[in-house]
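First up is the structure itself, then whatever we jot down about it.
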Amino acid sequence: MKKIAILPGDGIGQEIVAEAVKVLECLRDDYGLQVELEEGLVGGTAYDATGTPLPEATLKLAKAADAVLLGAVGGYKWESLDISVRPEKGLLGLRSELGLFANLRPAILYPQLADASTLKPEIVSGLDIMIVRELTGGIYFGQPRGVRTLDNGERQGYNTLVYSESEIRRIGRVAFDIAAKRDGRVCSVDKANVLECTELWREVMTEEGKAHPDIELSHMYVDNAAMQLVRAPKQFDVMVTTNMFGDILSDCAAMLTGSIGMLPSASLDENGKGMYEPIHGSAPDIAGQNVANPLATILSVAMMLRYTLDEPDMAGRIEQAVNAVLDQGLRTADIWSEGMQKVSTSEMGDAVVAALRRQ
Ligand code: NAD
């Protein structure tokens, strides 16, 4: 029996996670998936109830679980709080407490939604990239950091880009393992022509490449990678990169698909345990209206089944059901276009469950 911690969080998090839970319950009741679900508080909702965005009970639940499903955190209501208790602290706390160093962000464009992209349909239709971003190191965490005042009275801001060999190696291995389950190609993105730290990155990735002879490894400078992502994105299978480069490139890749409500993500620890969540936020502008797209969260469950729970067939069932509802012409407002049937959050969740039951 696998235990899944369900953390809906704030805003639309509540609505979209409820739909993902319906999908999990359908797999459990109709297809014998052995899971136990337990809900916890995180983010602003947790702050309101307990005075902290990451209550001890939630951390305990997340640590004891095999996987975590998270909705989103944040909202207008909590924006003026002290930074130490803002909803985002709950999310960052979970990532660091669970040691989630590998962030997997697929950018998939369902052919049915090719018109949603700002790029020409032939450039992006059928796109399927996986960006593997290092999540707990690099310039976002490096010391020293801060803003200091120089002798001449001018202020100077500084941060440190630092990666140890073991940090590079472990994210590299995640990328190679994922490529082995996909098209077998890894592109490592760095700035080795300018930054010594990423010169080491390239050396270590090359060593790991030799240890994985079945995988085709290439290297690309980050500026070129940004250009190639919008010029010919289908050339990529798996991209692996540093925390900051990955932050930027994965948002760019996500937007190639034009549908923020469709994209799942995963953050994994050393043992493959993970936290799964849609890439979007809590969308306070549409919260409580039953209009948000739940598919990114439902597809996050599929990733959970594939990468942590080792249930690729169940994952395939969800992906097939999502394809089926798109084929039926069902669309939430964010992906709706002329001629399609507009549905609410809960109607979309029900349609996915119905498609699962038809399989
Ligand atoms: P957002 O992703 O919440 O929303 C951006 C835009 O996309 C909004 O117009 C929203 O309505 C729309 N959108 C997002 N998800 C959608 C969905 N599933 N269906 C339909 N439309 C959707 O980003 P934001 O507006 O910059 O941030 C809002 C709040 O979310 C902030 O408090 C921010 O800190 C937080 N946030 C949280 C996370 C997270 O929990 N992982 C990530 C990003 C932002």
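Start at 1 and go down the list; that is how both ligands and their atoms are numbered.
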Polar side chain donor-acceptor pair, Asn290 to Glu15, under 3.5 angstrom: no

Passing candidate, side-chain hydrogen bond (donor to acceptor under 3.5 Å, both in side chains) with Tyr140, options Asp247, Asn159, Asn243: Asp247

List, pair by pair, the atoms of ligand 1 and of the protein that are both N or O and lie under 3.5 Å apart, giving the separation rounded to 0.1 Å.
from, atom 1, to, atom 2, distance (Å)
ligand 1, 2 (O), Gly281, N, 2.7
ligand 1, 3 (O), Gly281, N, 3.4
ligand 1, 3 (O), Ser282, N, 3.3
ligand 1, 3 (O), Ala283, N, 2.8
ligand 1, 9 (O), Asp285, OD2, 2.9
ligand 1, 11 (O), Asp285, OD1, 2.9
ligand 1, 11 (O), Asp285, OD2, 3.0
ligand 1, 15 (N), His280, ND1, 3.3
ligand 1, 18 (N), His280, NE2, 3.1
ligand 1, 18 (N), Asn293, O, 3.0
ligand 1, 19 (N), Asn293, N, 2.9
ligand 1, 30 (O), Ser282, N, 3.1
ligand 1, 30 (O), Ser282, OG, 3.1
ligand 1, 32 (O), Gly75, N, 3.2
ligand 1, 34 (O), Glu88, OE2, 2.6
ligand 1, 40 (O), Val73, N, 2.9
ligand 1, 41 (N), Glu277, OE1, 3.3

Donor-acceptor contact below 3.5 Å, side chain Arg170 vs main chain Phe101: no

Gln359 and Tyr31: side chain donor to acceptor below 3.5 Å: no

Just distance, no hydrogens or angles: give the donor-acceptor pairs under 3.5 Å from side chains in residues 211-221, sequence neighbours left out.
from, atom 1, to, atom 2, distance (Å)
His212, ND1, Glu208, O, 2.8
His219, NE2, Thr206, OG1, 3.2

Shortest non-hydrogen contact from Pro121 toward Ala114: CB-CB, 4.2 Å

